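Only one structure is covered here, and it is reproduced in the block below.
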Amino acid sequence: MADRMITVMVVDDHPIWRDGVARDLSERGFEVRATAGDAPSAVRIARAVRPDVVLMDLNLGEGSGVDATREITAELGETRVLVLSASGEHSDVLEAVKAGASGYLVKSASAEELVDAVGRTAAGDAVFTSGLAGLVLGEYRRMAAAPQEAAAPRLSDRETEVLRLVAKGLTARQIADRLFLSHRTVENHVQSTLRKLQLHNRVELARYAIEHGLDADPQQ
């Protein structure tokens, strides 16, 4: 995204905090396309403005930031959600990540940390307040080690190929270019894979791929 300005949406139910964060990001070179104060508005506006990053509070006046995160990441595959919350509770962090959040910062983070986190999130990195990344990784490892109750659904060769590239962090357009497919065809493969695996978004797809060793290049 070096050739264009990163677009951001700020979601928080406290107007002074919300406007302050939006102003800070604008002054640091980000394009703040919109703000929202509750979950329903966040989902509706995100659909319209399609930002690169949604900065999401969890405790909103109406609705849940977790639910909004789940809807946004499921519908807008190229929009990433970075949670910015007053809570550092482990249960809140894991719930947000399972809903599709790409990262999690607590509100005690400095302005410099926030700016860096938004930029890295837009670039596809997973960004967490110090100490929380290990928690998330540990949970993923625990889930990966848990016995599977049923055999995994069978994916087609093309679906597996697309899933492997999703795990590598490629966008739908990048995958389309790599495989010489249309953007719509790639999205259809992604949606089909989500249905077969009973997953909700690309973050869960990537986690599935990593847990099953699909993030590594196939042996030649």
Side-chain angles (χ1 to χ4, degrees), residues 1-39 41-43 45-73 76-137 139 169 171 201-203 206:
M1 295 183 182
D3 58 338
R4 69 172 178 83
M5 188 178 294
I6 295 171
T7 60
V8 184
M9 176 179 171
V10 181
V11 182
D12 196 290
D13 64 338
H14 292 88
I16 294 177
W17 175 270
R18 181 175 69 236
D19 294 345
V21 170
R23 183 177 59 254
D24 287 346
L25 291 176
S26 295
E27 291 175 351
R28 300 297 185 96
F30 296 96
E31 178 188 344
V32 179
R33 286 192 170 173
T35 62
D38 57 63
S41 296
V43 175
I45 296 171
R47 288 175 183 145
V49 303
R50 306 181 76 87
D52 297 317
V53 178
V54 174
L55 201 57
M56 178 74 70
D57 190 17
L58 293 185
N59 298 313
L60 302 174
E62 179 183 349
S64 162
V66 169
D67 291 338
T69 296
R70 184 176 294 109
E71 289 192 55
I72 290 171
T73 55
L76 307 176
E78 296 184 9
T79 294
R80 296 180 172 90
V81 174
L82 173 63
V83 170
L84 180 62
S85 173
S87 171
E89 292 293 325
H90 290 183
S91 58
D92 289 335
V93 178
L94 294 177
E95 190 176 13
V97 172
K98 289 175 182 177
S102 295
Y104 194 110
L105 288 186
V106 294
K107 286 186 174 180
S108 57
S110 68
E112 289 74 18
E113 289 173 325
L114 175 59
V115 167
D116 177 67
V118 172
R120 289 173 57 197
T121 298
D125 293 344
V127 185
F128 294 89
T129 291
S130 178
L132 297 183
L135 165 72
V136 175
L137 180 59
E139 176 69 5
T171 66
N201 52 59
R202 282 170 171 76
V203 172

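Since this is a predicted model, take the numbers as computed values, not measurements.
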NZ/NE/NH1/NH2 to OD/OE distance under 4.0 Å, [X] and [Y]:
X	Y	result
E113	R120	no
E112	R28	yes
R18	D57	no
R33	D52	no

Heavy atoms only: give me the nearest [X]-[Y] pair and the separation to one decimal.
X	Y	value
T129	V106	OG1-N, 3.0 Å
S87	Y104	O-OH, 2.7 Å
G100	T69	C-CG2, 4.1 Å
L60	S64	CD1-C, 4.4 Å
F30	M5	C-SD, 3.7 Å
R80	A122	NH1-O, 3.2 Å

Would the distance check show the side chain of [X] and the main-chain N or O of [Y] forming a donor-acceptor pair, the cut-off being under 3.5 Å?
X	Y	value
D125	V127	no
S41	G37	no
T7	E31	no
T73	A99	yes

Problem set entry | M56 and V10: CA distance, side-chain angles, deciding distance, side chain to side chain contact (heavy atoms under 4.5 Å, CB included) verdict | CA-CA 6 Å; M56 178 74 70; V10 181; over 6 Å; no
Problem set entry | Positive for side-chain contact (heavy atoms from CB on, under 4.5 Å) with L55, one of T121, L105, L114 | L114
Less than 4.5 Å apart, side chain to side chain, heavy atoms only: is that true for [X] and [Y]?
X	Y	answer
V81	V53	no
V118	L82	yes
D92	L58	yes
I45	M9	yes

Exercise. Can you tell me how far CZ of F128 sits from OG of S102, rounded to the nearest 0.5 angstrom?
Worked result: 8.0 Å
Seminar exercise, completed: One should read off an interatomic distance between R50 CZ and E78 CD, to the nearest 0.5 angstrom, of 7.5 Å
For this session: Dump the intermediate steps for salt bridge (charged side-chain N to carboxylate O under 4.0 Å, His left out) on E71 and R47, then the final yes or no.
Result: CA-CA 10 Å; E71 289 192 55; R47 288 175 183 145; 3.7 Å; yes
For this session: Please test D12 against V21 for side chain to side chain contact (heavy atoms under 4.5 Å, CB included), starting from the C-alpha separation and ending with a verdict.
Result: CA-CA 10 Å; D12 196 290; V21 170; over 6 Å; no
